[in-house]
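These notes are about the structure you will find just below.
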There are 2 protein chains.
Amino acid sequence: MSPEPRNVQTDVDRILEAIVYLYTESRRVTKELARQHGLTGPQVTALKILEGFGTLSLSELGARMSAKSSTVTGLVDRMERDGLVRRRRSREDRRVIRLEPTSAGQAVAAAIPVTAMEIFGEALRSLSGEDRAELTRILGKLAERVREQIESREGLGG
Amino acid sequence: MSPEPRNVQTDVDRILEAIVYLYTESRRVTKELARQHGLTGPQVTALKILEGFGTLSLSELGARMSAKSSTVTGLVDRMERDGLVRRRRSREDRRVIRLEPTSAGQAVAAAIPVTAMEIFGEALRSLSGEDRAELTRILGKLAERVREQIESREGLGG
DNA sequence: GGCCAAAGCTTCGCGTGCTAACTATCCGCT
DNA sequence: AGCGGATAGTTAGCACGCGAAGCTTTGGCC
């Protein structure tokens, strides 16, 4: 009847464990799907983004993938090596490198359905509509609270 | 009022987004806290787990961290190099390596507050008890479904 | 006893992902 | 014109994280 700290902690542990599991597993599955086409998860993500935009600068791509510029450089190096994309220096701003998929890259992107999180989708669809709605609501609220917590401690890097 | 596929997709997207956000953020926070003590995120995670159990085999640690054995080997290599843990071959089963924190490792673990759990914990505690219980229940169910999906497709690797 | 599959770890090679330091370019300001 | 800060990418070094291949040990089974 009174709030028991132990139960709260157990819930916290279970929730974190579930989140880590779900995230890790989703990445693993994406990677596996990509592997069947001879590439890696991030490469598929990049090609899919490029498919939607036609051409992007490296920093624009990085922003959309939540990756730092040095990470993007390496990723693009390997994709260029494998003939999936081409680098082309911009005329207007010579600092900028524009990225465009090769025909091979476009073909691969087209061949891979948006499946990114297919297994997640199926698992989520297998929940009842009520559960799914509840999960959406609570998880959204939780993310918001975490965001608040983090903002209120931005001096974290002390 | 009837179940609309579009809503399902929206829910799926929101849930995935929230999970990715929560996971990424928890890692970032852990990493930041770890950095202040001169170590890395996974190292702190491992020390905290060891702190709770006293001693674990490499595979037990790997299971709790959702990491493969080859990953754990490397992690433990670096931690041992830095004097945080010790490897000790088990007597009962000579295949097993038991891991124990050094006094330095214990000190670091003790010096670091409950890490990312803390921010999550506060956010979770700020939810109502009902929401928290619901979240635990649904997330657990979801993880189970994902597990089933994955098992039923173990031929995924074509 | 001898064989053989499974379990626990390690090694190797690769692809991320980050920070720090560096180059080239651009742009605002004087 | 030219200085100086901001921006775009690259490079180097490190730590994960994984799969594949290999080693030793264990345990079941004939």
Side-chain angles (χ1 to χ4, degrees), chain A residues 20-21 23-47 55-82 84-85 87-99 157, chain B residues 20 23-24 27-32 34-36 38-47 55-82 84-85 87-99 154 156-158:
Chain A
V20 168
Y21 172 75
Y23 178 87
T24 308
E25 215 48 51
S26 84
R27 265 186 92 199
R28 199 182 68 73
V29 170
T30 302
K31 187 176 169 184
E32 182 53 39
L33 286 168
R35 201 182 63 77
Q36 295 174 31
H37 292 267
L39 14 148
T40 66
Q43 290 176 359
V44 169
T45 304
L47 281 180
T55 172
L56 283 177
S57 72
L58 293 205
S59 29
E60 285 165 348
L61 178 63
R64 299 198 172 271
M65 294 183 70
S66 298
K68 302 297 178 190
S69 60
S70 59
T71 301
V72 177
T73 294
L75 177 62
V76 171
D77 280 352
R78 289 180 293 275
M79 290 177 75
E80 199 171 24
R81 178 199 65 193
D82 297 344
L84 297 169
V85 297
R87 275 177 166 101
R88 192 182 296 270
R89 191 128 233 147
S90 162
R91 298 256 170 87
E92 302 88 54
D93 185 340
R94 290 188 42 74
R95 291 171 302 180
V96 172
I97 302 235
R98 304 214 63 81
L99 207 59
Chain B
V20 168
Y23 177 86
T24 307
R27 264 186 91 199
R28 198 183 67 74
V29 170
T30 303
K31 186 176 170 183
E32 183 52 40
R35 200 182 62 76
Q36 295 173 31
L39 10 154
T40 66
Q43 290 176 1
V44 169
T45 304
L47 281 179
T55 173
L56 283 177
S57 71
L58 293 206
S59 32
E60 285 164 349
L61 177 64
R64 300 204 168 265
M65 294 182 70
S66 298
K68 303 297 178 188
S69 59
S70 58
T71 302
V72 177
T73 294
L75 178 62
V76 171
D77 281 352
R78 290 181 293 273
M79 292 178 75
E80 199 171 24
R81 177 200 66 192
D82 297 344
L84 298 168
V85 298
R87 276 177 165 99
R88 192 182 297 273
R89 190 128 233 146
S90 161
R91 298 258 169 87
E92 303 88 53
D93 185 338
R94 290 187 42 72
R95 290 171 302 180
V96 172
I97 302 235
R98 304 213 63 82
L99 207 58
E154 59 193 325
L156 215 151

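A note on names: the letters A, B, ... follow the listed sequences, proteins ahead of strands, and every chain is numbered from 1.
- Within 4.0 Å (heavy atoms only), B:Arg98 reaches no atom of the nucleic acid at all.
- Nearer to the 5' terminus of DNA chain C, by closest-nucleotide assignment, is the contact made by B:Thr73 (compared with the other of B:Thr73 and A:Asp93).
- A:Arg94 meets the salt bridge (charged side-chain N to carboxylate O under 4.0 Å, His left out) test with no other residue; sequence neighbours excluded.
- Here B:Glu60 pairs with B:Arg98 in a salt bridge; the nearest charged N to carboxylate O distance falls below 4.0 Å.
- By the salt bridge (charged side-chain N to carboxylate O under 4.0 Å, His left out) test, B:Arg78 pairs with no residue at all, sequence neighbours left out.
- Between B:Ile97 atom CD1 and D:dT25 atom C1' there is a gap of 12 Å when expressed in whole angstrom units.
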Summary of protein contacts for nucleotides 14-24 of chain D, nucleotide by nucleotide, where a base hit scores B, a sugar-phosphate-only hit scores S (4.0 Å, heavy atoms): -SSSBBB----
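- Atom CG in A:Asp77 sits roughly 13 Å away from atom C1' in C:dT16 (whole-Å rounding).
- Atom CG in A:Leu58 sits about 15 Å away from atom C1' in C:dA24, given to the nearest Å.
- The nearest whole Å value for the distance from the CG atom in B:Leu56 to the P atom in C:dG8 is 13 Å.
- Considering CG of A:Leu61 and CD1 of A:Ile97, their distance stands at 13.0 Å, rounded to 0.5 Å.
- Distance, B:Arg91 CZ to D:dT25 C1': 17 Å, rounded to whole Å.
- Residue contacts for B:Arg89: at a heavy-atom cut-off of 4.0 Å it reaches no nucleic acid atom on any strand shown.
- Remark on DNA chain D: of its neighbouring residues A:Ser59 and B:Glu92, the 5'-side contact belongs to A:Ser59, judged by nearest-heavy-atom nucleotide.
- Between B:Pro42 and B:Met65, the shortest heavy-atom contact is O-CE, 3.5 Å.
- Environment of CZ in A:Arg89: crowded, with over 12 heavy atoms of neighbouring residues, nucleotides or ligands closer than 6.0 Å.
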